[in-house]
*Asks:* 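Following this message is one structure expressed as structure tokens.
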Amino acid sequence: MNDDPLLARLAGLAVEPPDGLLDRIAARWIAVPSPIGELSVAWTARGVAYVHQGDGFSGAFRARFGRPLMPATRPPAGLVPALRTGRLSGLALDLEELGEFQRDVLRAVQAVPRGEVRPYAWIAARAGRPGAVRAVGTALARNPVPLLVPCHRVTRSDGALGEYVFGPAAKQRLLLAEGVDLGRLDGLAKERVFYLASDTTGVVCFPTCHNARRITPAHRHGFRTLGAARTAGYRPCRTCRPDLQAA
DNA sequence: AGGAGGGCTTCTA
DNA sequence: GTAGAAGCCCTCC
């Protein structure tokens, strides 16, 4: 037997690496509640890296990140509120694994406020690739951190909600939970109205822009295209920037 | 290495 | 209304 304390600690190190090292190599994970049910969330020292719904979490994580996963006893500070509200408020994300295009797209998506929606084409323009509309869809399909990067707020230009990583039903539930009036949006889309203008301010907005929601009915005018609104003398809202996606 | 094909779209006929 | 192709990025072969 050897009771030298130094040797005993060295032996311990051989079996179990110190916490700091392990945390740099491995990711932690935990199951947390969300508006669409329980989610599995993984994070590294840099921030939250992966949000997953349903079965196959650890397999999907390994396939994607190729690093070990260890259970945690509590979520990172602010994670649960961020999932509930769709606002990060300081919560860090680890998006290191992603390509530049995908990071640009996710950054553009962060600009869509809670309770509002924007078209895929708007995201493409904001990401600096106005023609990459289809590729934006692909990038969002691979969004590793849904809810935290609110890709559920990106909808089709024709008014349909479009697809979603966790399925269209989850997209709908999330938007309703944020207070988006989907019935009204649908009504507008049926009339081919995708922009709302106010003749008191002379400004034209996306229908879910908080500025558009305050237009009184008597002063509200709907337009199918931004060009039509401009011809009628309206200028694009500086908050929701409908001019970003189309000429 | 390089091309084909696919994906949360969108525009056109 | 809907089918088809354009279009861009990524993955895989």
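Below, read A as the first sequence line, B as the second, and so on, with proteins coming before strands; counting in each chain starts at 1. Just so you know, these numbers come straight off a predicted model, no measurement behind them.
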*Asks:* Are the side chains of Arg118(A) and Thr208(A) in contact, using a 4.5 Å heavy-atom criterion?
*Replies:* yes
*Asks:* Identify, between Arg134(A) and Glu100(A), the residue whose nearest nucleotide on DNA chain C lies closer to the 5' end.
*Replies:* Arg134(A)
*Asks:* Starting from Trp122(A), can I reach Tyr120(A) by hopping between I/L/V/M/F/W/Y residues whose side chains sit under 4.5 Å apart?
*Replies:* yes
*Asks:* So Phe101(A), base contact, sugar-phosphate only, or nothing? Heavy-atom distance under 4.0 Å.
*Replies:* sugar-phosphate
*Asks:* Look at Arg114(A) together with Glu116(A) and state whether they make a salt bridge at an N to O cut-off of under 4.0 Å.
*Replies:* no
*Asks:* Starting at atom CD1 of Ile123(A), determine the distance to atom P of dC8(C), rounded to an integer number of angstrom.
*Replies:* 18 Å
*Asks:* Using the side-chain contact (heavy atoms from CB on, under 4.5 Å) rule, take Phe194(A) and Leu226(A) through it: C-alpha gap first, then chi angles, then the decisive distance, then the call.
*Replies:* CA-CA 8 Å; Phe194(A) 304 114; Leu226(A) 183 63; over 6 Å; no
*Asks:* In dot-bracket notation, what is the pairing pattern of DNA chain B, taking Watson-Crick (N1-N3 plus N6-O4 or O6-N4) and G-U wobble (N1-O2 and O6-N3) contacts under 3.5 Å, with [ ] crossing and | for other strands?
*Replies:* .||||||.|||||
*Asks:* Across the strands shown, which category fits Val165(A) at heavy-atom distances under 4.0 angstrom: base, sugar-phosphate, nothing?
*Replies:* base
*Asks:* So, OP1 or OP2 of dC9(C): does either fall under 4.0 Å of a side-chain N or O from Arg129(A)?
*Replies:* yes
*Asks:* To the nearest Å, give me how far apart CZ (Arg142(A)) and C1' (dC9(C)) are.
*Replies:* 9 Å
*Asks:* Rounded to the nearest 0.5 Å, what's the gap from OG1 on Thr155(A) to CG on Leu185(A)? Could you check?
*Replies:* 7.5 Å
*Asks:* Just the rounded figure in Å: distance from C1' of dC10(C) to CG of Asn143(A).
*Replies:* 16 Å
*Asks:* Assess whether a salt bridge exists between Asp104(A) and Arg129(A), defined as any Lys/Arg side-chain N lying under 4.0 Å from an Asp/Glu carboxylate O.
*Replies:* yes
*Asks:* Within the 4.0 Å heavy-atom criterion, would you say Ala121(A) contacts the bases, only the backbone, or no part of the nucleic acid?
*Replies:* sugar-phosphate
*Asks:* Base, sugar-phosphate alone, or nothing: which one does Ala135(A) contact when heavy atoms must sit under 4.0 Å apart?
*Replies:* base
*Asks:* Linking Ile, Leu, Val, Met, Phe, Trp and Tyr by side-chain heavy atoms under 4.5 Å, what else ends up with Phe57(A)?
*Replies:* Trp29(A), Tyr50(A), Phe61(A), Phe65(A), Leu69(A)
*Asks:* Taking only Lys NZ, Arg NE, NH1 and NH2, and the carboxylate oxygens of Asp or Glu, determine whether Glu178(A) and Arg153(A) approach each other closer than 4.0 Å.
*Replies:* yes
*Asks:* Any side-chain heavy-atom pair from Arg230(A) and Pro236(A) closer than 4.5 angstrom?
*Replies:* yes
*Asks:* Which two nucleotides bound the region of DNA chain B that has atoms under 4.0 Å from heavy atoms of chain A, read 5' to 3'?
*Replies:* dG7(B) to dT10(B)
*Asks:* Output the rounded distance in Å from CD (Glu97(A)) to P (dC10(C)).
*Replies:* 15 Å
